[in-house]
Amino acid sequence: MAHTKSLELLDRWRVLRCDLDAYGVRLLAVSKYAAEKDVVQLIEAGQQDFAESRPQQLRDRAQHYPTVRWHMIGPLQKNKAKYIARHAAMWHSVENIDVALAVARHVTDRRLPVLLQVNVGRLAHQHGVRPETVPELAVAVNEIPELQLVGLMCMAPRGCDAADAFACLRGLREALMNGSLCNALPQKLALCMGMSHDYQTAISEGTNMVRIGSGLFDSIS
Ligand SMILES: *Cc1c(COP(=O)(O)O)cnc(C)c1O
């Protein structure tokens with residue numbers, strides 16, 4: 001996507017949307033480092049989904065811009081659980097039951113849609129639940145009335161083949177859909193995979209949502 005970086009923000013956004021709309025893939029604009037004016041520009045252009053990794057910034061922006069959806073990505077500590085429970089449209093980084101329960105305690109008038117973050121490469125320094133633990137955590141999360149399991153999320157490990165990582169996540173989804181959870185789930189589980197440098201690969205591997213930050217907000221000029 002390097003060739004789009006010389007374009008203006010709105011042009012980069014349009015190019016991306018064209019790419020993604022053709023496949024019915026939802027764009028999450030990762031605005032964690034984005035300037036306020038750039039966020040406003042995208043909202044005015046019609047961008048509906050934004051993703052933040054810092055809970056307070058998510059809360060602040062969700063309060064300022066309540067007409068669009070604010071997704072939580074990245075690790076979450078229990079003491080920030082209330083911000084996500086109250087303000088996130090979707091929480092993409094569930095990796096253990098304790099934090100999930102902490103968030104659930106603050107959810108009041110809805111079921112918060114959540115995704116399990118999977119450490120597909122089983123790397124010690126990466127966040128997420130290990131592939132072999134996914135079924136167990138999926139069942140446990142799905143039993144929490146305030147949360148609704150809607151999908152799986154991953155980041156391709158650096159230096160590995162992104163296609164392999166994404167295929168692994170898709171395989172885990174199939175296993176869940178065909179396993180004991182199949183009757184408990186209201187819908188087909190979604191896949192959230194693909195970032196600026198590997199979103200094309202994620203599309204080929206059947207992603208439903210991509211998370212694009214630098215490829216959208218960073219320009220080279
Ligand atoms: C920052 C971040 C992104 C965006 O990455 P880019 O390479 O800037 O597109 C995507 N997913 C997660 C979990 C992130 O923390």
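One-based numbering, in listed order, for ligands and for the atoms of each.
- Ring geometry, W70 versus F50: the interplanar angle falls under 30°, so the pair is classed parallel (tilted spans 30 to 60°).
- Within ligand 1, the atoms closer than 4.0 Å to a non-hydrogen atom of I212 are 9 (O), numbered from 1 in the order shown.
- Summarising the contacts of atom 6 (P) of ligand 1 with C192, G215, S196, the nearest heavy atom is found in S196.
- Neither the backbone nor the side chain of S53 comes within contact range of ligand 1; no heavy atom lies under 4.0 Å.
- With E52 as the partner, the side chain to side chain donor-acceptor pair (under 3.5 Å) test is satisfied by one option alone out of H87, R61, K32: R61.
- N142 places no side-chain N or O within donor-acceptor distance of the main-chain N or O of A138, the cut-off being under 3.5 Å.
- Looking at atom 5 (O) of ligand 1, its nearest protein heavy atom turns out to be M195 CE, 3.4 Å.
- Between the CG atom in L27 and the CD atom in Q48 there is a gap of 11.0 Å [rounded to 0.5 Å].
- Under the 3.5 Å distance criterion, the side-chain polar atoms of T207 are matched with a main-chain donor or acceptor of L191.
- Ranking protein heavy atoms by distance to atom 8 (O) of ligand 1, first place goes to S214 N, 2.7 Å.
- Taking a 4.0 Å cut-off on heavy atoms, M153 registers as neighbouring ligand 1.
- A 4.5 Å side-chain heavy-atom check between M72 and V103 finds every atom pair outside the cut-off.
- Defined by atom type and a distance below 3.5 Å, a donor-acceptor pair is present between the side-chain atoms of D19 and Q200.
- Nearest protein heavy-atom contact of atom 12 (C) of ligand 1 is I73 CD1, 3.6 Å.
- At a 3.5 angstrom cut-off on N or O pairs, K32 counts as close to ligand 1.
- Distance from atom 11 (N) of ligand 1 to its nearest protein heavy atom, with residue and atom name: R211 NE, 2.8 Å.
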